[in-house]
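Heads up, the thing below is written out as structure tokens.
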Amino acid sequence: MNDSTNKETVPVNGTAAGSATNPGTNPVEGPSDFIRDNVRSDLAAGRYDRVLTRFPPEPNGWLHIGHAKAFAIDFGVAEDFGGQCNLRFDDTNPEKEDQAYVDAIKRDIAWLGYDWADREFYASDYYEYLYDLAVKLIKKGKAYVDDLSDEEMREYRGTAVPDKYNITLTPPGRNSPWRDRPVDENLDLFARMRAGEFADGAKTLRAKIDMAHPNLVMRDPVMYRLRRMPHYRTGDAWCIYPMYDFQHPLSDAKEGITHSLCSLEYEIHRPLYDWFIQECEVFPSRQIEFARLNITHTVLSKRWLLRLVQEGVVSGWDDPRMPTLSGLRRRGYTPAAIRDFLSRIGLAKTDSMVDIQLLEHCLREDLNKSAHRVLAVLDPLRLIIENWPAGTVDELEAINNPEDPSAGSRKLPFSGELWIERDDFMEVPAPKYFRLYPGNSVRLRYGYIITCTGLDRDPVTGQIKAVRCTYDPETRGGNAPDNKKVKGTIHWVSAAHGIPMEARLFERLFPSERPMEVSAGTDWLATVDPQSRRSVAAFGEPSLATAAPGDCYQFERLGYFTADPDTAPGKPVFNRTVSLRDSWAKIEKKQV
RNA sequence: UCCCCGGUUGUGUAAUGGUAGCACGGCAGACUCUGGAUCUGCUCGUGGGGGUUCAAAUCCUCCCUGGGGAACCA
């Protein structure tokens, strides 16, 4: 990458609104990417003397991990240069925005560990300031009130057909007949627009730029439209609302934002961004664009996610299968794992599709360090120890976390009837299967070495009802005195002591790696895996009875499980956060 | 069609004219009271053609190819 990212340069002629923080340092340590390189050279060239970024969500939906990439960059770049990052709600469309979204957005940003302190701003607080700048442009002869309807405007702009797949040419635009209204008339009409004298859609305020510009967004873009609709913050104080292209650069300038980082789709808007700053003669913020995040097997688009919610495909924005931050949180993802992921995916202008396995890797790596190990059985099969002294209960010592000795240990009740995983027994063992089968020995985790002696079958269905075995009393704790090696160790829960619980097992919402790429005529919604959520009745060791929502455990040999908010005292509900890596599954797969 | 931006192993990302590296995945092995974790090794890449240069992923040129834009949304 080089400094030619932004070809347009704007003169440094404005003053920052905020007070300067630390002068920008020149971090040689830490991440380097094309944005930081540009920031560094801006500082070196004296274009700015500090760094101030902003994260500008529109409060019309919940944040997903793609937004997290964006604000991790906004906050991260600022921090690396000793600067700060503002939170600014980009709320200039009264039709879609709501306070509930503001609250959810703030909660999610804070959850990931980013702090905007008292720098919480709203574009809707700038309406008066923006109005004044619009008046300034009118006075300079750079803006005019237009009476064209939206269809007429599209036609005058040179847009042949709105269907983007069927456009054959882009002729130069034609000037609106109202383009050359005198300044005084424009001033008067604009004031009357604000006063509510005209119907919605009857008039707009447009920037006077160039109707023949090769970049369509430069063909006299709309600055204000009439919309009689109460805004969630300004109520009905206004009936004209500023457009993004006008509002955003000037909001940045008002806050003294040095680097306005956004996604690639705004690249084509940058000349306009610079134009408004130049013509309004305000602080010259600089827009730099980067590629948004895409992840395999999921969709990161507010519109798509909204549809999943509205059509009831998922239980809500926080469904554990959703890539929203609230969904990931409920699923059991940790802020540390997500931040690690975001630091690993890189930052560039290349459209990319990150493998979801990288996200899962980051999660496992984090959880492996911290999650307490417990024994739980998801698909219970009864195991009867034939030579166990009837009525006796043993107490076995179990390590809480082999990765963290300070986590200590706990006692596990053991008796003559246990639950084991149905998977851990095969009447006829597959090749390379070294768990329980008739005649074979395995170790019960932290318990005894047992040898399978047979099985009980339901006389009617033929289904296996129980597995029988004998245990070796000399192997208590799992160690054989004669150093006998057993290849397999399986987990278990004492039938008399295990507590019943619900486990929710999730698969990817979309079996397809790229769900957005569906063949024509297919609704992507139909490609959702209906089996992506399953609930099973499981048994857990007694310590699980006190699990509180948000508590995360590793169920040994199965995966990481996080208690859901649906958990009630004594009735835990667990979400499978992510499974453990399963090399047996690979072997099994290859055998098929 | 026009305008803008991209193209480095399967995926993502480094190398800023000088040995194409790292991570995830995959494959193979070691170790193990989780077929977990950990450790080791391996495979695989500069979209294509020309040019400049002692030397090109990097600079020039043509081509191919992917994405974005043409809202009174952001």
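In the text below, chain A, chain B and the rest are named by the order of the sequence lines, each starting its count at 1. No hydrogens, no waters, no symmetry mates; every other heavy atom, side chains included, goes into these values. Being a predicted model, the structure only gives us computed values, none of them experimental.
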For nucleotides 45-47 of chain B, tabulate all protein N/O to nucleotide N/O atom pairs closer than 3.5 Å, reporting atom names and distance.
none

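- A:Glu58 comes within 4.0 angstrom of the backbone, heavy atoms only, and of no base.
- Nucleic acid contact class of A:Pro56 (heavy atoms, under 4.0 Å, all strands): none.
- Base engagement by A:Asn479 is indicated by at least one non-hydrogen atom pair under 4.0 Å involving a base atom.
- At the heavy-atom level, A:Leu347 lies under 4.0 Å from the strands shown only through sugar-phosphate atoms.
- Residue-level contact check: A:His213 touches neither bases nor backbone, having no heavy atom under 4.0 Å from any strand.
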Take A:Leu305 and A:Trp62, measure what side-chain contact (heavy atoms from CB on, under 4.5 Å) needs, and give me the verdict at the end. CA-CA 9 Å; A:Leu305 296 175; A:Trp62 293 35; over 6 Å; no

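- Contact annotation for A:Leu272: no contact, since no heavy-atom pair falls under 4.0 Å across all strands.
- A heavy atom closer than 4.0 Å to some atom of RNA chain B occurs in A:Arg443, A:Arg445, A:Tyr446, these being the qualifying members of residues 442-451 of chain A.
- Between A:Tyr241 and A:His231, the ring planes lie parallel to each other; the angle is under 30°, not in the 30° to 60° tilted range.
- Counting only heavy atoms from C-beta on, A:Tyr433 has its side chain closest to B:G35 among B:C73, B:G35, B:G67.
- Across all strands, A:Ile345 comes closer than 4.0 Å only to sugar-phosphate atoms, never to a base (heavy-atom distances).
- Residue A:Ser32 has no polar side-chain atom (N or O) positioned under 4.0 Å from OP1 or OP2 of B:A14.
- Of the candidate nucleotides B:G35, B:U13, B:A74, B:A74 has the atom lying nearest to any side-chain atom of A:Asn93.
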Per-nucleotide protein contact string for nucleotides 22-27 of chain B (B base, S sugar-phosphate only, - none; heavy atom under 4.0 Å): -SSSSS

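- Taking the side chain of A:Asp351 as heavy atoms from C-beta on, and the options B:G67, B:A70, B:U34, the nearest nucleotide is B:G67.
- Contact annotation for A:Glu95: no contact, since no heavy-atom pair falls under 4.0 Å across all strands.
- Of all nucleotides listed (B:G36, B:G12, B:C5), B:G36 comes nearest to the side chain of A:Leu580.
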Reading 5' to 3' and counting Watson-Crick or G-U wobble pairs with both distances under 3.5 Å, write the dot-bracket notation for RNA chain B, | for bases paired outside the strand. .((((((..((((....[..)))).(((((.......)))))....(((((..]....))))))))))).....

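- Between B:G36, B:A74, B:G6, one nucleotide has an atom nearer to the side chain of A:Glu403 than all others, and that is B:G36.
- Contact check, A:Arg157 against B:C72: a side-chain N or O comes under 4.0 Å of OP1 or OP2.
- With sequence neighbours left out, the ring pair (Phe, Tyr, Trp, His ring centres under 6.0 Å) criterion links A:Phe539 to A:Trp419.
- A:Arg179 pairs in a salt bridge (charged side-chain N to carboxylate O under 4.0 Å, His left out) with only one of the listed residues (A:Asp220, A:Asp147, A:Asp146, A:Asp210), which is A:Asp220.
- A:Asp150 comes within 4.0 angstrom of a nucleotide base, judged by non-hydrogen atoms across all strands.
- Looking at heavy-atom distances under 4.0 Å, A:Ser352 makes contact with sugar-phosphate atoms alone, never a base.
- Nearest to the side chain of A:Met243, among B:C72, B:G6, B:U34, sits B:C72.
- Proximity note for A:Thr350 (side chain, C-beta onward) versus B:U34, B:G6, B:G35: the nearest is B:G6.
- Residues in residues 238-250 of chain A take part in no salt bridge (Lys or Arg N to Asp or Glu O under 4.0 Å) pair, two or more places apart or across chains.
- Nucleic acid contact class of A:Pro94 (heavy atoms, under 4.0 Å, all strands): none.
- Considering only side-chain N and O atoms, A:Thr92 lies under 4.0 angstrom from the phosphate OP1 or OP2 of B:A74.
- Ranking B:C72, B:G6, B:G36 by closeness to the A:Arg227 side chain, first place goes to B:C72.
- Residue contacts shown for A:Tyr266 include a base, since a base heavy atom lies under 4.0 Å away.
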